[in-house]
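Below is one structure, written out as structure tokens, with a few remarks after it.
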Protein chains: 4
Amino acid sequence: MQIAMVGLGRMGMNMARRLLKGGHDVVVWNRSADKVRQMQDEGARGAESLEALCDMLKAPRVVWCMLPAGDVTKSMIEELSTILAPGDLVVEGGNSYWRDDAANAALLAAKDIGYVDAGVSGGIWGLEIGYCTMVGGEAEHIMRIAPALNALAPEQGWKHVGPVGSGHFVKMVHNGIEYALMEAYGEGFELMKSGPFENLDLQGIAALWNRGSVVRSWLLELLDSALAKDPDLAGLKGYVEDSGEGRWTVLETVHHGVAAPVLAQALYRRFASRQDNAFSNRVLAALRNEFGGHAVKK
Amino acid sequence: MQIAMVGLGRMGMNMARRLLKGGHDVVVWNRSADKVRQMQDEGARGAESLEALCDMLKAPRVVWCMLPAGDVTKSMIEELSTILAPGDLVVEGGNSYWRDDAANAALLAAKDIGYVDAGVSGGIWGLEIGYCTMVGGEAEHIMRIAPALNALAPEQGWKHVGPVGSGHFVKMVHNGIEYALMEAYGEGFELMKSGPFENLDLQGIAALWNRGSVVRSWLLELLDSALAKDPDLAGLKGYVEDSGEGRWTVLETVHHGVAAPVLAQALYRRFASRQDNAFSNRVLAALRNEFGGHAVKK
Amino acid sequence: MQIAMVGLGRMGMNMARRLLKGGHDVVVWNRSADKVRQMQDEGARGAESLEALCDMLKAPRVVWCMLPAGDVTKSMIEELSTILAPGDLVVEGGNSYWRDDAANAALLAAKDIGYVDAGVSGGIWGLEIGYCTMVGGEAEHIMRIAPALNALAPEQGWKHVGPVGSGHFVKMVHNGIEYALMEAYGEGFELMKSGPFENLDLQGIAALWNRGSVVRSWLLELLDSALAKDPDLAGLKGYVEDSGEGRWTVLETVHHGVAAPVLAQALYRRFASRQDNAFSNRVLAALRNEFGGHAVKK
Amino acid sequence: MQIAMVGLGRMGMNMARRLLKGGHDVVVWNRSADKVRQMQDEGARGAESLEALCDMLKAPRVVWCMLPAGDVTKSMIEELSTILAPGDLVVEGGNSYWRDDAANAALLAAKDIGYVDAGVSGGIWGLEIGYCTMVGGEAEHIMRIAPALNALAPEQGWKHVGPVGSGHFVKMVHNGIEYALMEAYGEGFELMKSGPFENLDLQGIAALWNRGSVVRSWLLELLDSALAKDPDLAGLKGYVEDSGEGRWTVLETVHHGVAAPVLAQALYRRFASRQDNAFSNRVLAALRNEFGGHAVKK
């Protein structure tokens with residue numbers, strides 16, 4: 001099929017490559033032109049502007065956005081709403097907040113343009129093994145992009161999960177779970193590193209556990225790989241960013257009254273990993289000094 | 001090789017089967033004789049008593065214990081210490097507390113009998129795909145049982161992780177992590193069930209995520225399978241047992257000063273799952289009534 | 001001073017009483033007239049309608065709202081904006097979300113009516129000991145209501161904490177902390193009830209700890225009192241409601257990247273206290289059955 | 001009454017002073033003699049050795065130990081068992097693990113010497129306001145030391161809570177709760193410091209909340225005091241020690257199957273406060289790099 005990819009970052013560029021490999025006619029646009037040229041070299045058609053991109057597609061068009069979530073994506077949706085024509089279709093594949101999808105869809109619907117939200121997992125491995133993709137929207141719209149999804153995802157690796165917003169919602173929960181899985185391995189491996197047996201071969205244990213144990217997983221394969229490169233992770237700082245999805249997941253648990261101690265702790269640990277001398281801890285040190293005369297570090 | 005399996009419960013019996021399939025000469029003993037007869041039918045040699053079992057093995061003997069952890073295992077080690085001969089070797093493959101291994105080893109070492117502790121993962125799937133096995137002890141002892149381990153484990157699925165006790169220690173951490181992984185999926189799927197999108201196809205999402213997503217894992221495959229049988233898990237009570245390993249993991253984090261919020265929460269959630277009308281919650285209800293006049297349920 | 005109290009629920013009625021006791025001229029209004037009559041009997045002037053209430057006050061008027069948070073309060077602010085006159089002042093003393101205060105203030109400011117948000121703590125004890133009150137808004141407005149605050153609060157028991165919204169924000173954090181303090185006592189007392197020493201005199205211990213120990217507090221005095229009435233809290237169901245503030249506090253910690261494991265856990269425990277057979281726990285039971293063949297309860 | 005105080009650290013010395021103030025005949029011993037001399041100046045009788053201390057007391061003797069928990073206390077109990085006479089009584093008032101009390105008591109009982117365990121709260125404020133004291137042991141023994149307890153504690157500030165060990169057990173839970181209360185305030189105040197309203201007067205808010213709010217407590221009074229000295233706690237490092245009691249409390253919750261998310265989190269936060277570049281966090285950073293190509297800090 002014919003499809004446009006708007007945004008050629010780490011994710012968008014590799015997705016364009018999978019679409020090309022799948023035999024699709026891919027038109028690309030990016031803020032900086034060098035990446036457009038690079039994809040032209042790889043077989044895509046490059047557009048110099050969004051207007052040009054529209055002209056290069058036959059109606060009804062399909063435009064897949066793969067841009068930073070938030071204002072950048074919002075502006076792009078607005079801009080596309082003025083450029084695209086009735087019957088066209090926008091797929092928002094970035095890490096948008098699912099609560100923003102309804103507004104995006106409404107904006108486009110006013111111009112009779114369709115909207116699909118797609119939550120995309122797979123990271124840098126997606127190019128090779130495919131992107132696990134959760135899509136939300138109307139069945140008719142999703143049927144239209146099925147050929148592209150088939151190229152992007154591994155076999156049986158995409159799914160229409162519900163109405164507009166549900167693709168990003170399911171992807172959000174996916175990431176909330178991901179944080180907690182990572183934290184679980186982190187805590188367990190720290191215990192093995194700090195516990196009673198010195199010099200346990202952590203890499204070997206990660207590899208072992210991937211052979212028939214209950215905790216085997218893709219994350220554990222990645223940990224095996226990371227430990228193989230640097231057995232003590234000595235070259236790393238334990239400074240852990242978080243993206244919107246982990247936070248939104250916790251917000252959602254609060255909104256819906258779902259007890260989620262593990263999901264929330266995993267998020268808070270990331271916050272704390274980036275904090276030096278937290279005020280909370282200073283309060284404790286101050287209180288210990290007040291009631292117990294315990295020495296404090298200055 | 002020649003090896004005895006003592007204890008033919010769910011784990012021990014299937015392990016005896018894998019050993020037989022691996023071409024080993026397996027002598028079995030069990031408290032109740034019917035399981036011994038069953039394994040005889042499958043090709044094992046059955047012993048009527050521990051003394052008989054010893055006689056049926058050529059020295060130096062290898063006896064693998066697969067019994068309930070705690071007193072049952074402790075008594076068996078003591079009994080074996082009086083029956084076996086210098087040079088023999090005991091493998092404790094049950095869910096023993098790693099802190100008990102040193103005493104077991106010492107008891108046997110006094111009779112010049114060797115001791116290996118083996119943490120075994122794989123559950124009811126081990127028969128088919130093999131048991132991931134973590135062994136602790138002396139290299140010479142472990143080399144001696146390598147043929148048996150090769151039959152029990154999947155390819156590259158066993159490892160000598162350290163001195164006596166370390167096999168059970170690593171298995172303990174494995175289970176601690178397992179609890180937290182399970183809890184992470186549990187919370188995430190509850191959020192999808194309770195959240196803004198009704199009737200999400202949870203089984204389909206579990207299956208989907210196993211296709212290229214970051215959270216794919218064996219546990220998620222099992223969840224896919226469980227949801228396929230009962231999409232709402234309506235036939236289940238959310239009453240979750242815990243075994244020693246999860247508790248011991250948390251104790252260890254406290255002993256070693258390792259912050260493990262996610263591992264501990266996963267354990268506490270299991271405690272709470274078995275509690276009705278927790279006193280802690282009654283304290284809260286009472287306090288709300290005291291300061292706010294809030295109605296309480298009787 | 002002259003002041004109107006709108007809303008005569010548990011909080012509003014007792015606050016009107018403290019204002020009367022402080023010698024103020026209090027005009028009251030309530031949706032149901034019986035409470036208005038009751039306060040008339042106690043010395044207040046009763047209004048039959050909001051318009052009548054306005055007429056009974058000399059300009060510039062002060063109207064204190066003490067209504068259920070959310071839509072009821074929002075509607076009242078809107079209605080007051082059409083009835084009051086420039087120069088008048090509204091105090092919103094209910095449990096409003098601090099993020100709603102700006103809109104309330106803006107709505108009234110468009111009519112040149114002032115707005116103060118007041119977070120009020122003290123529960124049913126406020127009548128006797130005074131209401132600890134956190135107020136947000138412009139200094140000029142707060143100065144105008146100082147005589148009322150002096151009557152409502154204990155000595156030095158009110159404070160202008162910042163601009164509009166900050167009163168409710170500080171009260172929100174207050175309640176977030178309150179949840180965690182309650183949970184801490186709840187868990188500790190459950191441990192004493194379930195631990196190795198049988199029949200500990202929990203009421204006596206609560207009373208004791210209020211005599212010079214580090215954990216003495218007003219909540220612990222209330223717990224002493226509750227346990228004195230019912231030593232096992234046997235007559236209570238551990239079903240614990242939560243109001244908006246505890247949830248908003250957790251949302252705020254996520255928005256601001258503040259690690260708050262204890263505040264969040266206290267909230268989640270309340271969620272769980274109201275849940276029977278949580279889906280999360282059913283997921284765990286299902287998984288245990290899948291990998292270990294562990295029996296499940298139906 | 002006549003009583004010996006063994007150990008003149010921060011706690012022991014001030015407790016000797018309260019005993020003197022209560023009109024008791026206090027004999028003191030300390031490893032370093034200067035503190036003995038100091039207490040002699042204040043009216044105590046000083047002993048040059050434990051044997052001398054025994055000689056200076058009339059039988060039946062009462063010896064109160066106030067030494068560092070663990071080996072130091074254990075050695076002292078052993079030494080006293082060889083010096084004291086049948087009918088004498090030892091009070092262990094240090095921060096001993098309650099599980100050690102039974103052995104202490106048995107050791108002394110073999111010599112017909114009594115044993116009482118006393119959990120003492122109050123910190124550096126105890127001198128002035130008295131020490132809240134939880135005692136475990138036989139009623140006859142506790143009756144014998146009642147005059148001393150009356151002098152040490154505030155009015156109604158001591159209690160016989162149960163058999164040997166229960167005094168330290170109750171004190172242990174007290175400290176577990178204390179950790180969580182402190183953490184609750186810490187998190188709440190950090191949110192106020194980091195939240196949407198800049199420059200909130202945190203000291204003023206702590207003072208305010210102690211005036212009639214639900215969260216008023218002694219710890220909050222201490223926080224008020226600490227913030228009055230250093231409003232931003234800028235001179236402090238958020239490095240928070242933990243003593244045995246907090247850890248033992250968590251161990252106990254695991255042993256007894258009591259869900260205690262808040263108590264455990266408070267402990268873990270202290271662990272984390274002392275850690276730089278935790279391995280757990282490095283695992284997360286490594287994983288993010290592996291699956292997402294996310295930059296890591298070296």
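Reminder, nothing fancy here: chain letters follow the sequence lines and each chain counts from 1.
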Can you tell me which of [options] forms the most heavy-atom pairs within a distance under 4.5 Å of chain C?
options                                : answer
D:Val214, D:Val215, D:Asn175           : D:Val214
D:Gly123, D:Pro163, D:Ala180, D:Ala184 : D:Ala184
D:His174, D:Met182, D:His256           : D:His174
D:Gly176, D:Gly204, D:Gly122, D:Ala207 : D:Gly204
D:Leu222, D:Leu200, D:Asn210           : D:Leu200

message: So for atom CD, which belongs to D:Gln203, do other residues, nucleotides or ligands contribute more than 12 heavy atoms lying within a distance under 6.0 Å?
response: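 For D:Gln203, atom CD is crowded (more than 12 foreign heavy atoms under 6.0 Å).
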
- prompt: Does atom CH2 of C:Trp125 have more than 12 heavy-atom neighbours from other groups under 6.0 Å away?
  reply: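 No, because the 6.0 Å sphere around CH2 of C:Trp125 holds 12 heavy atoms or fewer from other groups.
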
field: Step-by-step side chain to side chain contact (heavy atoms under 4.5 Å, CB included) determination, D:Val258 to C:Glu187
entry: CA-CA 8 Å; D:Val258 171; C:Glu187 294 177 7; 5.6 Å; no

message: Please classify the contact of C:Glu198 with chain D as side chain, backbone, both or neither, using a heavy-atom distance under 4.5 Å.
response: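 Neither part; nothing is under 4.5 Å.
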
query: Checking heavy atoms, do the side chain of C:Trp98, its backbone, both or neither come under 4.5 Å from chain D?
result: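 Just its side chain gets close to chain D.
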
message: Counting heavy-atom pairs closer than 4.5 Å to chain D, which one of C:Gly257, C:Gly157, C:Ser217, C:Ser213 comes out on top?
response: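 Going by pairs under 4.5 Å, I would pick C:Ser213.
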
Pairs of heavy atoms under 4.5 Å with chain D: top-ranked of C:Glu190, C:Lys171, C:Gln156, C:Arg216: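 It is C:Arg216.
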
I want to check something: taking the side chain as every heavy atom from C-beta on, are [X] and [Y] in contact at a cut-off of under 4.5 Å?
X        : Y        : result
C:Trp209 : D:Val173 : yes
D:Val161 : C:Asp201 : no
C:Phe197 : D:Val170 : no
C:Tyr185 : D:Leu181 : yes
C:Met134 : D:Ile205 : no

message: Is D:Glu221 in contact with chain C via its backbone, its side chain, both, or neither, using a 4.5 Å heavy-atom distance?
response: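 Answer is neither: D:Glu221 stays 4.5 Å or more from chain C.
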
message: Applying a heavy-atom distance below 4.5 Å, give me the residues of residues 126-133 of chain C that approach chain D, sorted by number.
response: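 Interface residues of residues 126-133 of chain C: C:Ile129, C:Gly130, C:Cys132, C:Thr133.
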
message: Applying a heavy-atom distance below 4.5 Å, give me the residues of residues 259-269 of chain D that approach chain C, sorted by number.
response: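 The residues closer than 4.5 Å to chain C, in numerical order, are D:Ala259, D:Ala260, D:Pro261, D:Val262, D:Leu263, D:Gln265, D:Ala266, D:Arg269.
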
Reference residue D:Leu191; test side chain to side chain contact (heavy atoms under 4.5 Å, CB included); the match among C:Ile177, C:Val250, C:Thr253: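 Testing D:Leu191 for a side chain to side chain contact (heavy atoms under 4.5 Å, CB included) against C:Ile177, C:Val250, C:Thr253 leaves exactly one candidate, C:Thr253.
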
